[in-house]
Amino acid sequence: MSIIIQAGHRTSKSKEVMEKLYERGLDRPKESYTHKMTAEQVSETLYKVLARENMSSANEKMADNVMTDFLLANLDFEDWGWESDKNLASLEYWQQIEPDVGFVLVFDHPRTIFEFSSINTLTVKTLNQKIEDWVKYNESLLEFYEKNQDKSILIEGSSALSNIAGLKEQVKRLASTLDLKSSWQVSSTNTAMTKERSANSSYNILLGLIAEETLTNYPEVITLFNRLLSKASIKESDSIFKTKRLGVDKLVTSLNTIGLQQEKTLSIEKEAQLKNESLERALREQQSKSKKHSDDAVSQSNQIILEQLLQAQEELERLYQERSNQKEQQSNFKKPGTPKKRYGAAEAIKADLPYKLGNVMVSAKKPDQIAKLPIMLMKEYKAFEKESGSLYSPLKLDDYADAREAEKVKKHLSYQLGKVMLDSKQSPKKLISLPLNMGKIIVGFKKNK
């Protein structure tokens, strides 16, 4: 079993990275066994208990209880994990209590501080507080990594999102049993996000330039970020150079101006969105008017297919009656004595007419194949009679030593559909109820599968 515990500052792409791991095969944890706490609640609780400066033995026992209860609920998972910025406070304790744990430590460019801020009301004081929080968190993150490099990977979040193959390789080092899916094996869920980034690209570029200019006034941020880059196994950003230029007050004023402009842009975009929604409503109304016509066409098509199936069944019955006299005239005399038991009952059932007819129906999945189904069934019926040289009669399994194996094959959907089709020629009542009986067989088979 492997457990991935991920931590990253709230301005990082840590949550997005964890979602990528989930969609590629990492299991989401269940709620804790006794306390029914989610992974986020577990992280919050441990943070409140373990972040205290003078922690008592009672608090340690409480933390042990929360951790053990959470682990107990997820014993059935082979590879699982979760993410929270609060996890940083409990990484050391998780390492002590669970030997199979691995840590993914996520950081991002400090300009993300501005992306998570309301820049039109930003002040120098609030910016200083945000910078101090970012530095304190990532210093602890880097310190833990340097002490536990054998069980940790340090990655730049934005780079990991664009380099899934590299992320997969690094996570494999922590969880050898975890086989993450490749990008082509999962459907993309980032279309809306991509459109949003594209729409705000000019704004983001301008914000990024002013943010990087602002950061040159904080040498401690530049030094720490460059250290993180030097240790990271997945990264794409360039180092920041310490070239102090404009003052922080002027840069903050520029950010306020950008924020106000962005609000105006969003207002215009909202107005355009309302117009689009109005047009979409009108289009839906138009589509609803034509829906009834479309439903009638589909119903007519289904009726044609049903009639073709019934015609095929009638033709099978006619052929059966035409050859019934031939069966009576044929004589098959067995030699005296008890015949030897033989093997191959399962193969005999698969070669029998019910299984072959059912297999034709099961294989017809596309609309054009369904339309040709009556003809295909007729061909299969005639081919069977031509090959056997006689009219169809139910296969007898008395001479087979492995007759039990045939019973397993009779449970296949192909055999059941073919048998009910051949049985329906016994009476007009069964013939009329053939489609319904086939539907029941398919539903029952899927339930028992």
Side-chain angles (χ1 to χ4, degrees), residues 1-107 133-134 136-155 157 170-178 180:
M1 181 178 71
S2 298
I3 305 173
I4 300 295
I5 301 180
Q6 185 170 295
H9 192 261
R10 59 180 174 273
T11 61
S12 71
K13 304 291 184 184
S14 181
K15 290 186 183 297
E16 291 91 331
V17 171
M18 181 53 66
E19 285 301 319
K20 289 292 182 184
L21 294 179
Y22 285 149
E23 72 180 22
R24 279 163 170 76
L26 185 68
D27 286 316
R28 297 176 186 268
K30 298 179 182 178
E31 293 181 349
S32 61
Y33 188 78
T34 303
H35 304 297
K36 301 301 179 185
M37 298 169 65
T38 64
E40 184 62 32
Q41 290 171 334
V42 169
S43 298
E44 289 276 357
T45 303
L46 292 176
Y47 173 78
K48 293 176 182 177
V49 174
L50 300 175
R52 299 174 183 176
E53 293 184 2
N54 298 317
M55 191 171 65
S56 64
S57 58
N59 288 335
E60 287 186 0
K61 290 181 180 179
M62 184 188 303
D64 289 344
N65 180 267
V66 171
M67 290 177 171
T68 303
D69 189 39
F70 191 45
L71 290 172
L72 182 63
N74 293 280
L75 282 177
D76 293 336
F77 288 142
E78 183 68 23
D79 302 291
W80 58 283
W82 79 102
E83 177 280 338
S84 173
D85 60 307
K86 298 295 192 296
N87 279 341
L88 184 60
S90 59
L91 297 183
E92 292 282 0
Y93 289 87
W94 278 115
Q95 186 173 225
Q96 295 173 13
I97 200 171
E98 177 51 57
D100 294 324
V101 71
F103 304 101
V104 177
L105 310 177
V106 184
F107 72 95
D133 177 68
W134 187 91
K136 183 178 179 181
Y137 188 97
N138 284 290
E139 278 182 342
S140 298
L141 192 79
L142 181 58
E143 181 182 356
F144 178 84
Y145 172 73
E146 289 175 335
K147 291 179 180 178
N148 304 278
Q149 296 187 35
D150 58 326
K151 288 192 172 184
S152 308
I153 59 172
L154 181 66
I155 61 173
Q170 289 298 318
V171 172
K172 189 73 173 177
R173 187 168 65 84
L174 299 178
S176 58
T177 58
L178 177 59
L180 294 175

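Numbering starts at 1 and runs along the sequence shown. Hydrogens, waters and symmetry mates play no part in the numbers below; they use all other heavy atoms, side chains included.
- Annotation: salt bridge (Lys or Arg N to Asp or Glu O under 4.0 Å) contacts of Glu139 (sequence neighbours excluded): none.
- Under a 3.5 Å cut-off, the side chain of Lys151 and the backbone N or O of Pro99 do form a donor-acceptor pair.
- Taken from CD1 in Ile3 to CG in Leu174, the straight-line distance is 12.5 Å, to the nearest 0.5 Å.
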Show me, pair by pair, the donor-acceptor contacts under 3.5 angstrom made by side chains of residues 5-12, not counting sequence neighbours?
{"unit_1": "Gln6", "atom_1": "NE2", "unit_2": "Ser14", "atom_2": "O", "d": "2.7"}
{"unit_1": "Gln6", "atom_1": "NE2", "unit_2": "Ser14", "atom_2": "OG", "d": "2.9"}
{"unit_1": "His9", "atom_1": "ND1", "unit_2": "Thr11", "atom_2": "N", "d": "3.2"}
{"unit_1": "His9", "atom_1": "ND1", "unit_2": "Thr11", "atom_2": "OG1", "d": "2.8"}
{"unit_1": "His9", "atom_1": "NE2", "unit_2": "Asp133", "atom_2": "OD2", "d": "2.7"}
{"unit_1": "Arg10", "atom_1": "NH2", "unit_2": "Asp133", "atom_2": "OD2", "d": "3.1"}
{"unit_1": "Ser12", "atom_1": "OG", "unit_2": "His9", "atom_2": "O", "d": "2.6"}
{"unit_1": "Ser12", "atom_1": "OG", "unit_2": "Ser14", "atom_2": "N", "d": "3.3"}

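- Here Ala89 pairs with Tyr47 under the side chain to side chain contact (heavy atoms under 4.5 Å, CB included) rule; sequence neighbours left out.
- Evaluation of the ring pair (Phe, Tyr, Trp, His ring centres under 6.0 Å) rule for Phe103 yields Phe144 as partners, not counting sequence neighbours.
- Within the model, atoms CD of Gln149 and CG of Leu154 stand 9.0 Å from one another, a figure rounded to the nearest 0.5 Å.
- Atoms CE and OG, from Met37 and Ser43 in turn, are 9.0 Å apart once rounded to the nearest 0.5 Å.
- The nearest pair of heavy atoms linking Leu180 to Gly25 is CD2-N, 4.3 Å.
- Going from atom CG of Asp100 over to atom CG of Leu71 covers 10.0 Å, rounded to the nearest 0.5 Å.
- For Thr38, the side chain to side chain contact (heavy atoms under 4.5 Å, CB included) partners two or more places apart in sequence, or in a different chain, are Glu31, Glu40, Gln41.
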Could you tabulate the donor-acceptor pairs under 3.5 Å formed by side-chain atoms of residues 60-69, not counting sequence neighbours?
{"unit_1": "Asn65", "atom_1": "OD1", "unit_2": "His35", "atom_2": "NE2", "d": "2.9"}
{"unit_1": "Thr68", "atom_1": "OG1", "unit_2": "Asp64", "atom_2": "O", "d": "2.8"}
{"unit_1": "Asp69", "atom_1": "OD1", "unit_2": "Tyr33", "atom_2": "N", "d": "3.4"}
{"unit_1": "Asp69", "atom_1": "OD1", "unit_2": "Thr34", "atom_2": "N", "d": "2.7"}
{"unit_1": "Asp69", "atom_1": "OD1", "unit_2": "Thr34", "atom_2": "OG1", "d": "3.1"}
{"unit_1": "Asp69", "atom_1": "OD2", "unit_2": "Ser32", "atom_2": "OG", "d": "3.3"}
{"unit_1": "Asp69", "atom_1": "OD2", "unit_2": "Thr34", "atom_2": "N", "d": "3.0"}
{"unit_1": "Asp69", "atom_1": "OD2", "unit_2": "His35", "atom_2": "N", "d": "3.0"}

Inset, instruction - Would you check, one step at a time, whether the test salt bridge (charged side-chain N to carboxylate O under 4.0 Å, His left out) holds for Lys147 with Glu143? - result: CA-CA 6 Å; Lys147 291 179 180 178; Glu143 181 182 356; 3.4 Å; yes
Legend entry - Stepwise salt bridge (charged side-chain N to carboxylate O under 4.0 Å, His left out) check, Arg28 with Glu19: CA-CA 10 Å; Arg28 297 176 186 268; Glu19 285 301 319; 2.9 Å; yes
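- In this structure, Asn74 CG and Asp27 CG are separated by 9.0 Å, a value rounded to the nearest 0.5 Å.
- Atom CG in Leu141 sits 10.5 Å away from atom CD in Glu146 (nearest 0.5 Å).
- Scanning both residues, Leu88 and Ser140, for their nearest heavy atoms gives CD2-CB, 3.8 Å.
- The heavy-atom pair separating Asp79 from Ala175 by the smallest distance is OD1-CB, 4.3 Å.
- Under the 30°/60° scheme for interplanar angles, the aromatic rings of Phe77 and Trp80 are found to be tilted.
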